[in-house]
2 protein chains.
Amino acid sequence: MVADNLGMDIDSLDGPLGHRVYSVLRNGILDLTFPPGMVLRKAALCEQLGVSRSPVAEALGKLSSEGLVDIIPQSATRVSQLSLGELREESFLREAVEVAAVAKVAIERTDEQLTRLSRNMRLQALLAEDHDYQGFFEADVDFHALIMEFTGYPKVAAAAGQLSLQLRRARMLLLPKEGRSDETLQEHQAILDAIRHQDPVTARKAMSAHLGQLITRLAPLEQQHPTYFRST
Amino acid sequence: MVADNLGMDIDSLDGPLGHRVYSVLRNGILDLTFPPGMVLRKAALCEQLGVSRSPVAEALGKLSSEGLVDIIPQSATRVSQLSLGELREESFLREAVEVAAVAKVAIERTDEQLTRLSRNMRLQALLAEDHDYQGFFEADVDFHALIMEFTGYPKVAAAAGQLSLQLRRARMLLLPKEGRSDETLQEHQAILDAIRHQDPVTARKAMSAHLGQLITRLAPLEQQHPTYFRST
DNA sequence: AGGTGTCAACTAACATGCCAGTTGAAGGAG
DNA sequence: CTCCTTCAACTGGCATGTTAGTTGACACCT
């Protein structure tokens, strides 16, 4: 008897059934409800979700092409494990994209966009003060998502999210001991200031410095959670 | 009676059947055998490929998530049309990634890598001299792919390809009248020189200038091939 | 007891039957 | 003649039966 309530299913009213189970599985993987390495049994998922195998297969296929599940032909399919190398690659990509984006936003920003970023910053400060690390994490993600949105390039925003899925999963692991809210807050403030002053060069540097520190904090995780990482 | 020979199917021996039809369709879309806007009938594809609907559905699903086909629920699925806005977005992404990549490669390059790039450059010059624009185009793609490979980040190379699928399709349209081989050659040479001298700053600028010119050449296509572009 | 061959149970992959939503054209009303 | 309604044919989404390949364990041979 495994955990069977997945917190959602039919209330995700939107679109095709296949897309809904995709969302459910994806969320479960990203918030580590399905830990890396866990085997996903199609039959079990069908029973729990109350659907047939077709939409589940479709969902697993998509997740596979996103790298969130490894699917071994004719054998099994399991939640993909993390690897430090892959995290480094995603970090490189994320930095490349977000640095370019923040430079563009710094130049073209409107006052209304600046206001929205400021509002998010105050929210971050509030949550950090309350030691609500979960909420702080979400506000942090929103901060970056806002900048992506302000590029005016919806596809860029979507791609930036897709490209750092593994990073997002890894960051969940160091959530509990987030004693770093203050530093993060300062780094975000530096980025915001550069955007405010419409200074793309400084914005680039601030974003680069902010993102660059993440990978060094991720490295120790391989020892702390060996089962979550690829054996190589 | 439509064109029915797709030049390959079973000779792509690798992996699952679904993945093979995916490859076939993808290639057809990218080389404009399936022009943008063309409706893809599942039944017809099944007959032509000699497979059932499951692998075809799976393939179309993947292509949909890559943005190569638009799939209208309960109605039809057609090859996605181009849009100048989307091309601009991809251009932005591509520049962000490739500029970051070339800077890294410039710093870390080995002599062996430099040799392979040089060899590719000589091939480009040869093909340009012979006015073999098709071959030149492929060598051009290889040049960029080599740089991506030399980052040592296989996922980055893969992502760079995925992120500029629409661009690659659009470039097929301006292939016939490639009177620009000489300029392209010079720009590639500038990039190679910067890599040779291990000068990341110059490499960035050269790559940025090289990629930046593409979008301006793409803009007129919307008028020349109106049926290939989204009606908006 | 250690290594090996075989077999049974499980898995994903594929084929096919069924259903619901969409669309476009034809026919009737204004 | 134009617009609206209706309906039939076609589409993709879903369920389920079938097939082939992998795996792990048990028994058998050495």
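All chains are named by letter (A, B, ...) in the order of the sequence lines, taking the proteins before the strands, and each is independently numbered beginning at 1.
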Hey, does the side-chain of A:S54 have a donor or acceptor N/O within less than 3.5 Å of a partner on the base of D:dA15?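 Such a pair exists between side chain and base.
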Would you call the rings of B:Y22 and B:H19 parallel, tilted or perpendicular if under 30° counts as parallel and over 60° as perpendicular?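 Because their plane-to-plane angle lies in the 30° to 60° range, the rings of B:Y22 and B:H19 count as tilted.
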Tell me whether A:E95 contacts the main-chain N or O of A:F92 through its side chain, where contact means a donor paired with an acceptor under 3.5 Å.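 Not confirmed, A:E95 side chain does not pair with A:F92 backbone.
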Spacing between [X] atom [atom1] and [N] atom [atom2], to the nearest angstrom:
| X | N | atom1 | atom2 | result |
| --- | --- | --- | --- | --- |
| A:E47 | D:dT16 | CD | P | 13 Å |
| A:E58 | C:dA12 | CD | P | 16 Å |
| B:L17 | C:dA12 | CG | P | 18 Å |
| A:L45 | D:dA15 | CG | P | 14 Å |
| B:R78 | C:dT22 | CZ | P | 16 Å |
| B:Q74 | C:dG21 | CD | P | 7 Å |
| B:I72 | D:dC10 | CD1 | C1' | 14 Å |
| A:H19 | D:dC14 | NE2 | P | 11 Å |

Is B:K42 near enough to D:dG13 that one of its side-chain N or O atoms lies under 4.0 angstrom from OP1 or OP2?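 Yes, such a contact exists.
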Is the distance from OP1 or OP2 of D:dA15 to the nearest side-chain N or O of A:S52 less than 4.0 Å?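 For D:dA15, OP1/OP2 do have a side-chain N/O of A:S52 under 4.0 Å.
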Under 6.0 Å from the ring centre and within 45 degrees of the ring axis: does the NZ or CZ of A:K104 meet both conditions for the six-membered ring of A:Y153?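 Pair A:K104/A:Y153 counts as cation-pi.
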Please assess A:R230 against A:D70 for the test salt bridge (charged side-chain N to carboxylate O under 4.0 Å, His left out), listing each intermediate value before the final yes or no. CA-CA 12 Å; A:R230 243 181 273 279; A:D70 286 341; 3.3 Å; yes
Could you tell me whether A:R41 contacts a base, only the sugar-phosphate backbone, or nothing, with contacts defined as non-hydrogen atoms closer than 4.0 Å?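 Sugar-phosphate only.
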Just call it for A:I71: base, sugar-phosphate, or nothing, with non-hydrogen atoms closer than 4.0 Å on any strand.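 A:I71: backbone/sugar contact only, no base atoms under 4.0 Å.
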Which atom of B:G18 lies closest to which atom of B:P55, heavy atoms considered: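 Smallest interatomic distance, heavy atoms only, reads CA-CB, 3.6 Å.
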Nucleotide nearest B:R53 when distance is taken to its side chain, options C:dC14, D:dT22, D:dC14: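 Ranking C:dC14, D:dT22, D:dC14 by closest atom to the B:R53 side chain puts D:dC14 first.
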Closest to the B:P16 side chain: C:dC14, C:dA12, D:dC14?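 The answer is C:dC14, which lies nearest to the side chain.
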